[in-house]
Amino acid sequence: MKIRIIQTYSLLLILLCYTFATAQMAEKGSTSTDQLFNGHMWQLLTDSQKTTHITGIQEGIKLCLSQIKRDLLIPPELMKSMQESGVFERRRLLFSMQGVSGISNRIDVFYRNADHLSIPIVEAYRHVTLILNFSDPQEVADDLARLKLRYKNKRAIMH
């Protein structure tokens with residue numbers, strides 16, 4: 001009986017220590033949110049690493065779009081209708097005429113706000129391309145509000 005009580009107290013002590021350690025890591029600004037690198041990580045990167053990260057995001061987008069195009073055998077008339085309706089407009093917004101350096105500079109500005117640090121880099125990238133492509137100001141504001149709400153209470157995890 002005493003052994004079970006000791007085991008129970010030991011387990012509670014371990015859980016308490018784990019909870020305290022997790023809270024401390026979140027306070028110090030851990031580098032990922034939902035298993036994605038966030039603003040804390042962005043601030044640790046050199047300019048070269050930031051360029052490489054953004055290029056990786058863009059290459060991933062291109063690969064996905066290419067794969068979707070091959071996997072979806074869309075009839076030509078439906079494709080034409082989709083293009084005319086603006087369905088593919090979002091794809092254009094994932095890139096910017098200002099290039100990688102313009103996106104990197106805007107992400108730097110985005111993460112200067114401490115409230116944005118828990119937002120994953122890929123989400124900051126998407127948000128910044130909305131700004132750089134002159135999206136409707138209300139759409140940009142709504143997108144930022146959505147991001148803040150979504151990542152406000154997320155616990156960051158140390159890598």
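Computed from a predicted model, the values in this text were never measured in an experiment.
- Ser135 and Glu139 make their closest contact through CB-OE1, 3.9 Å (heavy atoms, listed as atom of the first residue, atom of the second, distance).
- Across every non-hydrogen atom of Phe110 and Ile119, the tightest pair is CZ-CD1, 3.7 Å.
- Taking each heavy atom of Val128 and Arg106 in turn, the nearest pair found is CG1-CB, 3.2 Å.
- Counting heavy atoms from C-beta on, the side chains of Leu147 and His116 never come closer than 4.5 Å.
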* To do: Run the numbers on Ile57 and Arg126 for side-chain contact (heavy atoms from CB on, under 4.5 Å), then give the verdict.
  => CA-CA 10 Å; Ile57 291 171; Arg126 187 193 49 71; over 6 Å; no

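- Take Gln49 and apply the side-chain hydrogen bond (donor to acceptor under 3.5 Å, both in side chains) test, not counting sequence neighbours, and it matches Thr46.
- Taking Ile54 as the reference, Trp42, Gln58, Val100, Ile103, Ser104, Ile107, Tyr125 meet the side chain to side chain contact (heavy atoms under 4.5 Å, CB included) condition, with sequence neighbours excluded.
- The backbone N or O of Tyr151 lies less than 3.5 Å from a partner atom in the side chain of Ser118, making a donor-acceptor pair.
- Partners of Ser48 according to the side-chain hydrogen bond (donor to acceptor under 3.5 Å, both in side chains) rule, which considers only residues two or more places apart in sequence or in another chain, do not exist here.
- With a 4.5 Å cut-off on side-chain heavy atoms, Val109 and Asn105 do not count as touching.
- Leu44 has its side chain out of reach of Phe37: every pair of non-hydrogen atoms, C-beta onward, lies at least 4.5 Å apart.
- Proximity of Arg146 to Glu123: side-chain heavy atoms (C-beta onward) are separated by under 4.5 Å at one or more points.
- Here the closest non-hydrogen pair linking Met41 and Thr31 is CB-O, 3.6 Å.
- Every pair passing salt bridge (Lys or Arg N to Asp or Glu O under 4.0 Å) that includes a residue from residues 37-57 is listed here, sequence neighbours excluded: Lys50-Asp108.
- Remark: Ser101 pairs with no residue by the side chain to side chain contact (heavy atoms under 4.5 Å, CB included) rule, at least two apart or across chains.
- Evaluation of the salt bridge (Lys or Arg N to Asp or Glu O under 4.0 Å) test over residues 110-120, restricted to residues two or more places apart or in two chains, returns none.
- A donor-acceptor pair is defined here as one N or O able to donate and one able to accept, closer than 3.5 Å; such a pair exists between the side chain of Asn38 and the backbone of His40.
- By the side-chain hydrogen bond (donor to acceptor under 3.5 Å, both in side chains) test, His53 pairs with no residue at all, sequence neighbours left out.
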